Amino acid sequence: STTIKNSASNTATLILENTNADAIDGPILDLYRNDSANSGDGDDIGAIVWSANNDAGEKTNFGRIMMEPNDVSNGSEDGEMIFKLMQAGSDEQEYFRLRAGVRQFEINAGLADIDYVYNSDATSNFFFINANTERVGINAGTSPNALLHIGGTTYIQSATANQLLRIHADTDSSPAPRIELMRGAHD
(Lines give C-alpha, C1' and ligand atoms only; values in the text may rest on other atoms or scores of the structure.)
Protein backbone atom coordinates (compact mmCIF):
# COMPACT_ATOMS: atom_id res chain seq x y z
CA SER A 1 0.00 0.00 0.00
CA THR A 2 1.01 3.62 -0.52
CA THR A 3 0.34 6.53 1.84
CA ILE A 4 0.48 10.16 0.75
CA LYS A 5 0.63 12.65 3.64
CA ASN A 6 -0.10 16.36 3.75
CA SER A 7 -0.01 18.46 6.94
CA ALA A 8 -1.26 21.72 5.38
CA SER A 9 -4.91 22.74 5.74
CA ASN A 10 -7.23 23.55 2.85
CA THR A 11 -4.86 22.18 0.21
CA ALA A 12 -5.21 19.15 -2.01
CA THR A 13 -3.25 16.07 -1.02
CA LEU A 14 -3.55 14.51 -4.47
CA ILE A 15 -4.27 16.21 -7.78
CA LEU A 16 -4.86 14.29 -10.98
CA GLU A 17 -4.39 16.73 -13.86
CA ASN A 18 -5.05 16.13 -17.54
CA THR A 19 -3.90 18.86 -19.96
CA ASN A 20 -5.41 17.34 -23.11
CA ALA A 21 -7.53 19.99 -24.88
CA ASP A 22 -10.20 17.63 -26.27
CA ALA A 23 -13.73 17.23 -24.88
CA ILE A 24 -13.26 13.60 -23.79
CA ASP A 25 -13.23 12.52 -20.11
CA GLY A 26 -10.14 13.33 -18.17
CA PRO A 27 -8.56 12.97 -15.77
CA ILE A 28 -9.77 9.48 -14.97
CA LEU A 29 -9.32 7.62 -11.69
CA ASP A 30 -9.68 3.90 -12.46
CA LEU A 31 -10.33 1.49 -9.58
CA TYR A 32 -9.62 -1.84 -11.29
CA ARG A 33 -10.08 -5.14 -9.46
CA ASN A 34 -7.95 -7.59 -11.43
CA ASP A 35 -8.24 -10.89 -9.61
CA SER A 36 -6.94 -14.11 -11.12
CA ALA A 37 -10.45 -15.59 -11.16
CA ASN A 38 -13.45 -13.77 -12.55
CA SER A 39 -15.30 -11.52 -10.11
CA GLY A 40 -18.62 -13.00 -9.07
CA ASP A 41 -22.07 -11.46 -8.88
CA GLY A 42 -22.27 -9.37 -5.69
CA ASP A 43 -18.49 -9.25 -5.05
CA ASP A 44 -17.19 -5.93 -3.69
CA ILE A 45 -14.87 -4.56 -6.39
CA GLY A 46 -13.90 -1.17 -5.02
CA ALA A 47 -14.73 1.50 -2.48
CA ILE A 48 -14.04 5.08 -1.55
CA VAL A 49 -13.97 5.43 2.26
CA TRP A 50 -14.13 8.58 4.39
CA SER A 51 -12.43 8.19 7.80
CA ALA A 52 -11.60 10.43 10.74
CA ASN A 53 -10.78 10.03 14.42
CA ASN A 54 -13.69 9.86 16.85
CA ASP A 55 -13.44 11.69 20.20
CA ALA A 56 -11.50 8.72 21.66
CA GLY A 57 -8.81 9.15 19.00
CA GLU A 58 -9.83 5.98 17.13
CA LYS A 59 -9.86 5.87 13.34
CA THR A 60 -13.51 5.52 12.32
CA ASN A 61 -15.07 4.99 8.89
CA PHE A 62 -17.91 7.51 8.63
CA GLY A 63 -19.02 6.71 5.09
CA ARG A 64 -18.26 4.83 1.89
CA ILE A 65 -19.32 4.45 -1.69
CA MET A 66 -18.92 0.89 -2.95
CA MET A 67 -19.24 -0.84 -6.31
CA GLU A 68 -20.25 -4.41 -6.94
CA PRO A 69 -21.26 -6.24 -10.09
CA ASN A 70 -24.87 -7.41 -10.09
CA ASP A 71 -24.23 -9.59 -13.14
CA VAL A 72 -20.78 -10.50 -14.52
CA SER A 73 -22.11 -12.51 -17.48
CA ASN A 74 -20.26 -11.52 -20.65
CA GLY A 75 -22.44 -9.24 -22.75
CA SER A 76 -24.99 -8.50 -20.00
CA GLU A 77 -22.80 -7.00 -17.24
CA ASP A 78 -24.61 -4.82 -14.68
CA GLY A 79 -23.20 -2.82 -11.79
CA GLU A 80 -24.52 -1.47 -8.49
CA MET A 81 -23.23 1.57 -6.60
CA ILE A 82 -23.93 1.45 -2.85
CA PHE A 83 -23.86 4.42 -0.44
CA LYS A 84 -23.28 3.72 3.27
CA LEU A 85 -22.97 5.92 6.38
CA MET A 86 -21.96 5.25 9.98
CA GLN A 87 -24.99 5.36 12.27
CA ALA A 88 -24.97 5.48 16.08
CA GLY A 89 -21.46 4.03 16.30
CA SER A 90 -22.42 0.73 14.68
CA ASP A 91 -21.56 -0.78 11.33
CA GLU A 92 -22.14 1.33 8.28
CA GLN A 93 -25.82 1.47 7.30
CA GLU A 94 -26.76 1.24 3.62
CA TYR A 95 -28.87 4.26 2.68
CA PHE A 96 -29.33 3.80 -1.05
CA ARG A 97 -28.03 2.07 -4.14
CA LEU A 98 -28.09 2.66 -7.87
CA ARG A 99 -28.94 -0.51 -9.81
CA ALA A 100 -28.06 -0.59 -13.51
CA GLY A 101 -29.65 -3.95 -14.36
CA VAL A 102 -33.18 -2.82 -13.49
CA ARG A 103 -32.47 0.93 -13.88
CA GLN A 104 -33.40 1.67 -10.27
CA PHE A 105 -32.57 4.20 -7.61
CA GLU A 106 -33.31 2.16 -4.47
CA ILE A 107 -33.60 3.85 -1.11
CA ASN A 108 -33.41 1.80 2.11
CA ALA A 109 -32.49 -1.54 0.51
CA GLY A 110 -31.94 -3.02 3.99
CA LEU A 111 -35.51 -2.21 5.13
CA ALA A 112 -34.24 -0.14 8.07
CA ASP A 113 -36.07 2.76 9.74
CA ILE A 114 -34.69 5.39 7.34
CA ASP A 115 -37.08 8.21 6.45
CA TYR A 116 -37.00 9.95 3.07
CA VAL A 117 -37.27 13.75 2.99
CA TYR A 118 -37.50 16.20 0.12
CA ASN A 119 -37.43 19.92 0.94
CA SER A 120 -38.87 22.42 -1.53
CA ASP A 121 -37.30 25.85 -1.84
CA ALA A 122 -39.83 27.19 0.71
CA THR A 123 -41.01 24.20 2.79
CA SER A 124 -39.02 21.75 4.93
CA ASN A 125 -40.24 18.14 4.76
CA PHE A 126 -42.45 18.96 1.76
CA PHE A 127 -42.37 15.29 0.67
CA PHE A 128 -41.84 12.92 3.59
CA ILE A 129 -41.89 9.12 3.79
CA ASN A 130 -41.97 7.84 7.37
CA ALA A 131 -40.33 4.40 7.24
CA ASN A 132 -41.54 3.37 10.70
CA THR A 133 -45.25 4.11 10.09
CA GLU A 134 -45.06 3.36 6.34
CA ARG A 135 -46.90 6.59 5.51
CA VAL A 136 -46.29 9.26 2.88
CA GLY A 137 -46.90 12.95 3.43
CA ILE A 138 -46.99 15.73 0.86
CA ASN A 139 -46.94 19.12 2.56
CA ALA A 140 -48.06 17.31 5.73
CA GLY A 141 -44.98 17.57 7.98
CA THR A 142 -43.10 14.59 9.42
CA SER A 143 -46.11 12.71 10.84
CA PRO A 144 -48.50 11.81 8.02
CA ASN A 145 -51.72 10.44 9.57
CA ALA A 146 -52.73 8.13 6.69
CA LEU A 147 -51.05 5.99 4.05
CA LEU A 148 -51.10 9.10 1.83
CA HIS A 149 -51.60 12.45 3.56
CA ILE A 150 -51.78 15.55 1.36
CA GLY A 151 -51.83 18.95 3.05
CA GLY A 152 -53.23 21.96 1.21
CA THR A 153 -55.29 22.28 -1.94
CA THR A 154 -55.10 19.27 -4.26
CA TYR A 155 -55.90 19.47 -7.95
CA ILE A 156 -56.51 16.37 -10.10
CA GLN A 157 -56.58 16.68 -13.87
CA SER A 158 -57.00 13.94 -16.45
CA ALA A 159 -56.08 13.96 -20.13
CA THR A 160 -59.22 11.90 -20.84
CA ALA A 161 -62.67 13.19 -20.06
CA ASN A 162 -64.10 9.86 -18.94
CA GLN A 163 -61.72 8.96 -16.10
CA LEU A 164 -60.73 11.67 -13.67
CA LEU A 165 -60.57 9.75 -10.36
CA ARG A 166 -61.17 6.07 -9.69
CA ILE A 167 -61.65 4.61 -6.21
CA HIS A 168 -61.47 0.84 -6.18
CA ALA A 169 -61.92 -1.78 -3.41
CA ASP A 170 -59.44 -4.69 -3.44
CA THR A 171 -61.97 -7.55 -3.42
CA ASP A 172 -65.69 -8.16 -3.70
CA SER A 173 -65.84 -8.93 0.04
CA SER A 174 -64.23 -5.65 1.15
CA PRO A 175 -66.40 -2.65 2.09
CA ALA A 176 -67.56 -0.53 -0.81
CA PRO A 177 -65.26 2.37 -1.68
CA ARG A 178 -66.37 5.69 -0.28
CA ILE A 179 -65.47 9.33 -0.14
CA GLU A 180 -65.84 11.19 3.16
CA LEU A 181 -66.13 14.95 3.23
CA MET A 182 -65.50 16.23 6.76
CA ARG A 183 -65.07 19.49 8.58
CA GLY A 184 -63.14 19.74 11.83
CA ALA A 185 -61.10 17.01 13.54
CA HIS A 186 -60.20 13.86 11.65
CA ASP A 187 -58.55 10.56 12.54
Side-chain angles (χ1 to χ4, degrees), residues 1-4 12-52 54 59-121 123-140 142 144 147-150 156-159 166 168 170:
S1 83
T2 302
T3 301
I4 302 171
T13 302
L14 174 65
I15 297 173
L16 304 175
E17 182 177 347
N18 182 327
T19 60
N20 192 336
D22 65 18
I24 307 299
D25 295 342
I28 296 172
L29 176 62
D30 187 355
L31 303 178
Y32 175 42
R33 173 135 184 206
N34 185 8
D35 53 7
S36 58
N38 296 329
S39 295
D41 295 352
D43 287 356
D44 294 339
I45 60 171
I48 300 173
V49 180
W50 286 265
S51 304
N54 62 17
K59 182 180 177 186
T60 304
N61 295 340
F62 285 93
R64 75 176 57 222
I65 300 173
M66 301 170 45
M67 278 297 301
E68 61 184 42
N70 182 278
D71 185 353
V72 297
S73 303
N74 188 25
S76 62
E77 299 90 349
D78 297 317
E80 293 191 4
M81 184 174 283
I82 302 161
F83 294 76
K84 294 183 172 187
L85 297 172
M86 172 67 75
Q87 181 179 343
S90 62
D91 290 335
E92 294 169 335
Q93 172 72 46
E94 179 179 328
Y95 276 77
F96 68 90
R97 64 175 58 206
L98 304 173
R99 295 177 184 258
V102 291
R103 300 178 64 102
Q104 252 182 8
F105 177 82
E106 183 178 8
I107 299 171
N108 198 9
L111 303 177
D113 187 4
I114 300 172
D115 297 335
Y116 178 81
V117 177
Y118 173 82
N119 299 317
S120 73
D121 62 348
T123 305
S124 296
N125 304 309
F126 181 76
F127 183 83
F128 189 88
I129 299 175
N130 187 313
N132 184 43
T133 62
E134 298 182 342
R135 294 179 175 180
V136 177
I138 301 173
N139 198 27
T142 60
L147 178 63
L148 176 61
H149 180 167
I150 301 173
I156 301 172
Q157 179 178 356
S158 175
R166 177 183 288 179
H168 176 76
D170 290 341

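Predicted, not measured: the structure shown is a model, and the values here were computed from it.
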[atom1]-[atom2] distance between [X] and [Y], expressed to the nearest 0.5 angstrom:
| X | Y | atom1 | atom2 | answer |
| --- | --- | --- | --- | --- |
| Lys84 | Ile65 | NZ | CD1 | 12.5 Å |
| Asp113 | Asn132 | CG | CG | 4.5 Å |
| Ile129 | Leu148 | CD1 | CG | 10.5 Å |
| Phe127 | Ile150 | CZ | CD1 | 10.0 Å |
| Asn108 | Gln93 | CG | CD | 7.0 Å |
| Trp50 | Asn61 | CH2 | CG | 11.0 Å |

Quiz item: Who pairs with Tyr32 by ring pair (Phe, Tyr, Trp, His ring centres under 6.0 Å), at least two apart in sequence or on another chain?
Solution: none

Quiz prompt | ring pair (Phe, Tyr, Trp, His ring centres under 6.0 Å) partners for Phe96, two or more places apart | solution =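 Phe96 satisfies ring pair (Phe, Tyr, Trp, His ring centres under 6.0 Å) with Phe83, Phe105 once adjacent residues are dropped.
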
Got a sec, which residues hit side chain to side chain donor-acceptor pair (under 3.5 Å) with [X], two or more places apart in sequence or on another chain?
| X | value |
| --- | --- |
| Asn130 | Thr133 |
| Asp25 | none |
| Asp115 | none |

Over all heavy atoms of both residues, which pair between [X] and [Y] is shortest? Give the atoms and the distance, please.
| X | Y | result |
| --- | --- | --- |
| Asn125 | Val117 | OD1-CG1, 3.2 Å |
| Ala131 | Ala112 | CB-O, 4.0 Å |
| Ile45 | Arg33 | O-CB, 3.6 Å |
| Pro27 | Leu16 | CG-O, 3.0 Å |
| Ala47 | Met66 | CB-CG, 4.0 Å |
| Gly40 | Pro69 | O-CG, 3.5 Å |

Exercise. Could you tell me whether the side chain of His149 reaches within less than 4.5 Å of the side chain of Arg135, counting heavy atoms only?
Key: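 SC-SC contact between Arg135 and His149 ruled out.
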
Exercise. May I ask you to test the Met86-Thr60 pair for a side-chain heavy-atom distance under 4.5 Å?
Key: yes

Quiz item: Taking only residues two or more places apart in sequence or in another chain, which ones pass salt bridge (Lys or Arg N to Asp or Glu O under 4.0 Å) with Glu68?
Solution: Arg97

Quiz item: After noting the C-alpha distance and the side-chain angles of Val136 and Phe128, does the key distance pass the side chain to side chain contact (heavy atoms under 4.5 Å, CB included) rule?
Solution: CA-CA 6 Å; Val136 177; Phe128 189 88; over 6 Å; no

Exercise. Take atom CG of Asn20 as the centre, draw a 6.0 Å sphere, and report whether it contains more than 12 heavy atoms from other residues, nucleotides or ligands.
Key: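 Yes.
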
Quiz prompt | Within 6.0 Å of CZ in Phe62, more than 12 heavy atoms from elsewhere | solution = yes

